[in-house]
2 protein chains.
Amino acid sequence: MADLSHGDDADAVNALRSAVMRLGRRLKHQRVDETLSPTEMSVLGTLARCGSATPGELARKEHVQPPSMTRIVALLEAKGLVRLEPHAEDRRQKVVTSTERAEAMLEESRRKRNAWLTAMAEGLDEDEWSKLRAAAPVLEKLAHL
Amino acid sequence: MADLSHGDDADAVNALRSAVMRLGRRLKHQRVDETLSPTEMSVLGTLARCGSATPGELARKEHVQPPSMTRIVALLEAKGLVRLEPHAEDRRQKVVTSTERAEAMLEESRRKRNAWLTAMAEGLDEDEWSKLRAAAPVLEKLAHL
DNA sequence: CGTAACTCATTACCTATGCTAAGGAAAACC
DNA sequence: GGTTTTCCTTAGCATAGGTAATGAGTTACG
């Protein structure tokens, strides 16, 4: 594992935490569809990546409690972005699948997000941006740990 | 500026957004002092870095609306972590200063945060961690842009 | 000067989004 | 076959943010 005991790493940790929190708050405001919360967007993204999933699986992946996921899935279904089907072998569970409409929305949202981040990146040079690009997968891994 | 038009960067942008959001959610739960919200912590951090500031300045820096900052400052004052003084030249404004107690708490919290992130970093190798460390300042810059 | 317009902080109220606790149905396990 | 466990859900609550409206203080302009 990495050694986090000396000062530079402690500083990095603090910078990371602070930046992630603030950036997260700003990203919330840049939602592509005003009627969709950040977590709802994130769920659609997860479904696009992983295909179908049960509410429980989604709750674990999004680090949210099951009751919260129940509501999120219900809202997504009401908006026609997700389909709910009975589970094949286990009748307690349900299977959540994103619709074609969700795919289209994700594509649209990707464009808008990029536009916003492009504006943000005006203030970054190529070197800074490449550091960010290199760190993106690591942050993802960390978020899933 | 960086070129965000091709696919790799679009992917990086998506990964970044998703990871920042999820990591932010998990960091919220790892608060060092249960009685302090993440934004309250962030305000104390800002004060430690920048010295005194008015509520309005803090609201802008934390990307929060003024009324929210009013409440945050009031809570911090009630906990003895912040001192409120009248502004020298402008009697509309107030000056917020962190107390010695806040400094001690920040130091304590830094230790606890590091412990948590150390546990997280168990799953990272040295290369991944160094990428993260390189990106930390860039993320901070982005968060402040 | 004095009043109009603006700015800063605050108050009051509302909403969004998460949580815990509790329940009901299906599966798994003696 | 009855008990325990697992999964989703319902109900109620807490937190943390936002908007709109208020009040006090400052600045600008006529």
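Computed from heavy atoms alone, side chains included, the values below leave out hydrogens, waters and symmetry copies. Quick note on labels: first sequence line is chain A, next is B, and so on, each numbered from 1. Just so it is clear, the model here is predicted, and its values are computed rather than measured.
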How close or far is atom [atom2] of [N] from atom [atom1] of [X], stated in whole angstroms?
X	N	atom1	atom2	answer
B:E85	C:dC8	CD	P	20 Å
A:Q93	D:dC8	CD	P	5 Å
B:E62	D:dG17	CD	P	10 Å
B:L36	D:dT15	CG	P	13 Å
B:M69	C:dT7	CE	P	20 Å
B:Q65	C:dT7	CD	C1'	15 Å
B:K94	C:dA9	NZ	P	9 Å
A:E40	C:dA16	CD	P	11 Å

What's the separation between atom CD1 in A:I72 and atom CD in A:E77, rounded to the nearest 0.5 Å?
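If I round to the nearest 0.5 Å, the distance is 14.0 Å.
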Using a 4.0 Å heavy-atom cut-off, does [X] contact any base of the nucleic acid, only the sugar-phosphate backbone, or nothing at all?
X	result
B:S68	base
B:P55	sugar-phosphate
A:S37	sugar-phosphate

Salt bridge present between A:E85 and A:R83 (N-O < 4.0 angstrom):
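Judged by the 4.0 Å cut-off on N to carboxylate O distance, A:E85 and A:R83 do form a salt bridge.
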Donor-acceptor contact present, side-chain A:K131 to main-chain B:P137, <3.5 Å
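The answer is no, because no donor-acceptor pair under 3.5 Å joins these two groups.
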Any side-chain to backbone donor/acceptor pair from B:S98 onto B:A48? Under 3.5 Å, distance only.
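No, the answer is negative, given that no donor and acceptor are paired below the 3.5 Å cut-off.
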Phosphate OP1/OP2 of [N] contacted by [X] side-chain N/O (<4.0 Å):
X	N	value
B:R71	D:dG17	no
B:T39	D:dG17	yes
B:R91	D:dA24	no
B:T54	C:dC8	no

5'-most contact on DNA chain C: B:D90 or A:L75, nearest heavy atom basis?
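Of the two residues, B:D90 wins.
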What I want to check is whether an N or O donor and acceptor connect the side chain of A:R92 with the base of D:dT6 at under 3.5 Å.
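Such a pair is found, so the answer is yes.
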Name of the residue among A:V43, A:L36, A:L44 meeting side chain to side chain contact (heavy atoms under 4.5 Å, CB included) with A:E40:
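Exactly one candidate clears the test, A:L36.
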